[in-house]
Asks: 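Before anything else, here's the structure in question.
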Amino acid sequence: MTRSEQIVLHWFRRDLRLTDNTALHFACEQSTQVIPVYILSTWSGEHRFTGPMRQDFLCGCLKSLNANLAAKGSRLVLREGDPAAALISLARETGAKAIYYNRDPDPHGRLVEKRLASEIATNGLRSFAFDDVTVHTPSEVLTVAGQPYRIFTPYSRAWRLVPKKSLLPPPRISELDSRNFPGGKLPNGLPLPDLSRWALSKEGSIIEPGERAARRRMNAFLSEPILRYAQLRDLASEEATSRLSQDLRFGLISPRELHTKAVALLENPGLDASEIRSIQTFLTELIWREFYFALLWHYPEVLEVEFNPKFRRIPWVTNNEALARWKEGTTGFPFVDAGMRQLLATGFMHNRLRMITAMFLTKDLHLDWREGEMFFMQKLVDGEIASNNGGWQWSAGTGADAAPYFRIQNPWSQSSRFDPEGRFIKRWVPELRDVPFASLHQPPWNGPLARGYPMPIVDHAAERQKCLDMFASR
DNA sequence: AGTCGGTTCGG
DNA sequence: CGAACCGAC
């Protein structure tokens, strides 16, 4: 394509940033005018895969993206409905000849791209798609036989050996100025959305959205906490995780940039062994994210069934009362309830608590992991289909390289290991504020722990045994 | 990215 | 008699 007088669209999707954005970079490089567009969804009320917290974060990100574009002399053009139809009609209105976008590797994203590709061909338009959501695409990390990996450790070994692309140059003024983003000439669009668009209302308060806040979090984490990540990340009351999951989910930061910067820290000669181990532990977490994207790419059926065919006939129980108690955080297991209430109040849950609450749902209550998977998607700001499914199947013991079914976390001993003084529990379950912390780590033998706090809904030791029997008989 | 129940070992 | 270790699930 020649650069002269070429108008193109950049379709923003889950890449809500200007920095190191692959499709946006090439759109700017290969055209003279880039029209930035985002297509809003039109559903209303309940949604299987999202909810108010994540939609609210999205609204904040769009507002921030619009402001960042305005600083370059442009603005975000918002349209709605079927992306293929909306993009084609916007291209027709503006005389754009091509649509640039970053691929969304989840099944829904792939479907939309397929429709766009087929409709675009009959409209005299071109599209240019780029890989941007992960450091490596699923097809870049395969066994020597060309098969997808099904076990994490060999996957991660192969992943590390794949050559890494270099980062895109920081955007030059000329690529992002008003010649590329001609604000005055942009077509009209919808106003920036708020939750009323989907007939939702907000409950609780979420982390700050937008590229600037995300970059601040990334730089803060890389400047120091990453060096203690291995020792502290599992402690519930230490805020020692990276807190970057929602930023990767919405593409507020580039996974390549995060990876490159973390690897660069390893070159620092002043590091001691535990600091090196911490950086490597964090890199391993990034690779888990890539592993789950690859699994969902190669095995999209995991959204419906257990990855491991051996466990597709587990008789998961239906118990609406128990499910409701789990959802609202009133199971009588302090650590489980604290995690669930953190989720309800903030749209976030500490990773250790995600495992514990998930194992509690599947191994203590014997409820279907798909119920928990859906609930997490509806509540989590960082809800990512691939990682969420991978995590749930891991916890349920049904997944690729999952926890063996007999590895069952004990919610009482987990809290004594990872919240010894009960600080996390007391923060999120205020009824328990005055309970001596030692009492939080064992089943109460003497009536409720506190007024207004329920007795445990099940006996962990007994349910653990039931679970072992249920799986062993498969 | 387990827990449990059993055994061994040292004070 | 508790901590450390070990195999089984």
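Naming convention: chains lettered A, B, ... in sequence-line order (proteins, then strands); numbering from 1 in each chain.
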Asks: With heavy atoms under 4.0 Å as the rule, sort Ser395(A) into base, sugar-phosphate or nothing.
Replies: nothing

Asks: Between the side chains of Asp132(A) and Arg103(A), is the shortest nitrogen-to-carboxylate-oxygen separation below 4.0 Å, so that they form an ion pair?
Replies: no

Asks: Can you sort out the partners of His10(A) under ring-ring contact (aromatic ring centres under 6.0 Å, His included), two or more places apart, ordered by chain and number?
Replies: Phe12(A)

Asks: When you check the gap from the basic side-chain N to the acidic O, do Arg17(A) and Glu257(A) get nearer than 4.0 Å?
Replies: no

Asks: Any Lys/Arg nitrogen of Arg277(A) or Asp272(A) sitting under 4.0 Å from an Asp/Glu carboxylate oxygen of the other?
Replies: no

Asks: Under a 4.0 Å N-O cut-off, is there an ion pair linking Glu113(A) with Arg13(A)?
Replies: yes

Asks: Output yes when Glu306(A) and Arg370(A) qualify as a salt bridge under the 4.0 Å nitrogen-oxygen rule, no when they do not.
Replies: yes

Asks: Let's see if you get this right: which residues in residues 347-360 of chain A place a heavy atom under 4.0 Å from DNA chain B?
Replies: Arg352(A), Met355(A)

Asks: Which nucleotide span of DNA chain B, 5' end to 3' end, has atoms closer than 4.0 Å to non-hydrogen atoms of chain A?
Replies: dA1(B) to dC4(B)

Asks: Centre-to-centre under 6.0 Å for Tyr100(A) and Phe26(A), is that the case here?
Replies: no

Asks: Is it true that Arg217(A) and Glu208(A) make a salt bridge, defined as a side-chain N closer than 4.0 Å to a carboxylate O?
Replies: no

Asks: Under a 3.5 Å cut-off for both contacts, is dG2(C) paired Watson-Crick or G-U wobble with anything, and if yes, with which nucleotide?
Replies: dC9(B)

